[in-house]
Asks: 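Have a look at this one.
Note that ligands are numbered from 1 as they come in the structure, with each ligand's atoms numbered from 1 the same way.
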Amino acid sequence: MERRKRIALYGGTFDPVHVGHLAIAQKLLELFALDEVLFIPAHVAPHKRGAAVTPPLHRYAMLALATQGQQALRISTVELDAPERPYTVETLARLQTEAGRQSRLFFVMGADSWAEIATWREWERVLLMTDHIVVTRPGYDLSAQHVTHAIGQRLVDVRDQERDEIASRLEESAGEKIYVTDAVLMDVSATAIRKSIGAGKDDEWPALVSEPVADYIRKYRLYRNKYETESNG
Ligand code: ATP
């Protein structure tokens with residue numbers, strides 16, 4: 001049987017996209033032998049309502065700059081184009097229909113998102129719709145106490161495993177699984193970057209984003225004042 005195309009769906013606010021996001025995308029491409037990582041910038045992530053988020057066009061432009069020249073890193077505007085903010089369950093259903101049976105989808109989230117997954121709309125359905133990859137993040141607990149026993153049973157710990165071991169786990173798996181990986185352990189967040197820019201630490205934050213993104217932030221003077229005040233993540 002022909003191998004299904006493997007696509008990772010990487011949703012987030014990306015305000016701005018940073019070296020942590022990019023390292024995760026690269027590492028997952030390699031470890032899970034993915035064909036593509038699809039970044040899905042959120043209009044405003046439903047769980048971040050109330051925080052001031054940079055306009056979608058700027059966040060999209062920074063993603064485009066950060067992924068330029070890398071064929072396997074693409075951006076979907078499915079959430080940005082939606083007339084109303086879609087929930088993850090809706091976005092996954094839509095992308096699944098578009099991708100069809102010949103693709104295997106993996107939804108990527110960091111440990112912080114995993115910790116609050118039970119607050120997401122139809123979260124159990126979300127976890128059963130596709131495979132998932134949970135990326136550990138410094139300072140976040142990776143317990144499964146907040147999910148049901150049935151969901152907990154689906155966790156597959158691939159921490160410390162190499163590409164070949166992971167490949168065989170992927171081939172063997174029947175049904176959707178939640179793979180837990182510590183492939184990238186980078187203590188970087190968009191919140192810290194916004195704070196650093198707001199505080200004028202120009203010798204600090206540029207290293208946390210890719211160079212064209214740093215240029216873009218300077219050019220449009222993003223995060224200098226008004227966006228920073230309320231954005232606490
Ligand atoms: P903010 O600080 O504004 O909350 P963020 O740095 O967490 O932003 P998001 O755009 O919210 O970035 O992240 C998108 C996804 O990437 C989320 O699932 C998040 O958990 C994950 N993520 C972001 N940074 C890291 C990191 N350093 N390690 C692991 N996962 C990360």
Side-chain angles (χ1 to χ4, degrees), residues 8-29 31-32 37-56 58-67 73 75-76 78-80 85 87-89 91-92 105-120 123 126-127 130-142 146 158-159 178-199 204-205 207-210 213 217 222-223 227-233:
L9 309 175
Y10 195 6
T13 318
F14 304 112
D15 191 16
V17 58
H18 54 65
V19 291
H21 298 130
L22 298 172
I24 287 167
Q26 291 294 357
K27 196 71 193 175
L28 295 183
L29 272 177
L31 275 182
F32 288 79
V37 174
L38 193 60
F39 290 92
I40 309 171
H43 230 303
V44 173
H47 63 281
K48 284 191 181 176
R49 275 184 196 150
V53 173
T54 307
H58 279 316
R59 292 184 287 116
Y60 178 89
M62 291 187 279
L63 269 169
L65 288 167
T67 55
L73 304 186
I75 310 166
S76 163
V78 61
E79 294 214 347
L80 298 184
R85 290 173 200 157
Y87 285 93
T88 301
V89 66
T91 300
L92 285 186
L105 302 181
F106 296 80
F107 186 80
V108 181
M109 69 181 105
D112 52 322
S113 302
W114 170 249
E116 59 182 33
I117 188 83
T119 66
W120 291 17
W123 67 277
V126 165
L127 289 175
T130 62
D131 283 294
H132 289 256
I133 301 174
V134 177
V135 184
T136 57
R137 195 171 180 170
Y140 288 91
D141 189 18
L142 249 185
H146 60 304
V158 294
R159 284 179 282 188
I178 302 162
Y179 297 92
V180 178
T181 171
D182 58 0
V184 176
L185 275 176
M186 283 175 88
D187 193 9
V188 47
S189 72
T191 302
I193 293 167
R194 294 192 300 270
K195 283 201 174 127
S196 179
I197 299 170
E204 180 188 276
W205 65 266
L208 305 175
V209 294
S210 68
V213 171
I217 289 172
L222 300 183
Y223 313 113
Y227 298 123
E228 183 45 39
T229 48
E230 296 169 66
S231 303
N232 298 319

Asks: Give the intermediate values and the outcome of side-chain contact (heavy atoms from CB on, under 4.5 Å) for residues V78 and I40.
Replies: CA-CA 7 Å; V78 61; I40 309 171; 3.8 Å; yes
Asks: Between the candidates Y10, F107, F14, which shows the shortest non-hydrogen contact distance to atom 21 (C) of ligand 1?
Replies: Y10
Asks: Which of these, A111, S113, G12, has its nearest heavy atom closest to atom 17 (C) of ligand 1?
Replies: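 Among A111, S113, G12, the closest heavy atom to atom 17 (C) of ligand 1 belongs to S113.
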Asks: Only heavy atoms of A190, strictly under 4.0 Å: list the atoms of ligand 1 that pass.
Replies: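 Once the distances to A190 are compared, the set is 1 (P), 2 (O), 3 (O), 5 (P), 6 (O), 8 (O).
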Asks: Is it true that a side-chain atom of H18 and a backbone atom of V209 form a donor plus acceptor pair closer than 3.5 Å?
Replies: no
Asks: Please say whether D112 places an N or O atom under 3.5 Å from an N or O atom belonging to ligand 1.
Replies: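 D112 vs ligand 1: N/O contact under 3.5 Å present.
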Asks: Below 4.0 angstrom from a heavy atom of R194, which ligand 1 atoms are there? Numbered from 1 as shown, please.
Replies: 3 (O)
Asks: Begin from the C-alpha positions of Q26 and L73 and carry the test side-chain contact (heavy atoms from CB on, under 4.5 Å) through to its verdict.
Replies: CA-CA 9 Å; Q26 291 294 357; L73 304 186; 3.9 Å; yes
Asks: Walk me through it: do L208 and S196 pass the test side-chain contact (heavy atoms from CB on, under 4.5 Å)?
Replies: CA-CA 10 Å; L208 305 175; S196 179; 5.7 Å; no
Asks: For P41 and E79, work out which heavy atoms get closest and say how close.
Replies: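 Shortest heavy-atom separation between P41 and E79 comes out as O-CB, 3.5 Å.
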Asks: Quick check: closest heavy atoms across R59 and T54, and the distance to 0.1 Å?
Replies: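 R59 and T54 have their closest heavy atoms at NE-O, 2.8 Å.
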Asks: A192 near ligand 1, heavy-atom distance under 4.0 Å?
Replies: no
Asks: Please verify the inter-ring angle class for F14 with Y10; under 30° counts as parallel, over 60° as perpendicular, anything in between as tilted.
Replies: perpendicular
Asks: Which pair of non-hydrogen atoms, one from V134 and one from W114, has the smallest distance, and what is that distance?
Replies: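 It is CG1-CB, 3.8 Å.
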Asks: Specify side chain, backbone, both or neither for T136, according to which of its non-hydrogen atoms lie closer than 4.0 Å to ligand 1.
Replies: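 The backbone, only.
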Asks: Distance under 4.0 Å to a non-hydrogen atom of M109: what atoms of ligand 1 satisfy this?
Replies: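 Contacts of ligand 1 toward M109, numbered from 1: 18 (O).
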Asks: Using distance alone, determine whether V188 and ligand 1 share an N or O pair under 3.5 Å.
Replies: yes
Asks: Which atoms from ligand 1 have a heavy atom of G11 less than 4.0 Å away?
Replies: 14 (C), 15 (C)
Asks: Any atom of ligand 1 sitting under 4.0 Å from a heavy atom of T13?
Replies: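 Yes, T13 has a heavy atom closer than 4.0 Å to ligand 1.
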Asks: So, regarding V108 and ligand 1 (criterion: nitrogen or oxygen to nitrogen or oxygen, under 3.5 Å), is there a contact or not?
Replies: no
Asks: Going by the order shown, which atoms of ligand 1 are within less than 4.0 Å of some heavy atom of I24?
Replies: 28 (N), 29 (C), 30 (N), 31 (C)
Asks: Atoms of ligand 1 less than 4.0 Å from T191 heavy atoms?
Replies: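 Near T191, meaning under 4.0 Å from one of its heavy atoms, ligand 1 has 1 (P), 2 (O), 3 (O), 4 (O).
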Asks: Can you give me the closest heavy-atom contact between M62 and P16, atom names plus distance?
Replies: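 Shortest heavy-atom contact: SD-CB, 3.7 Å.
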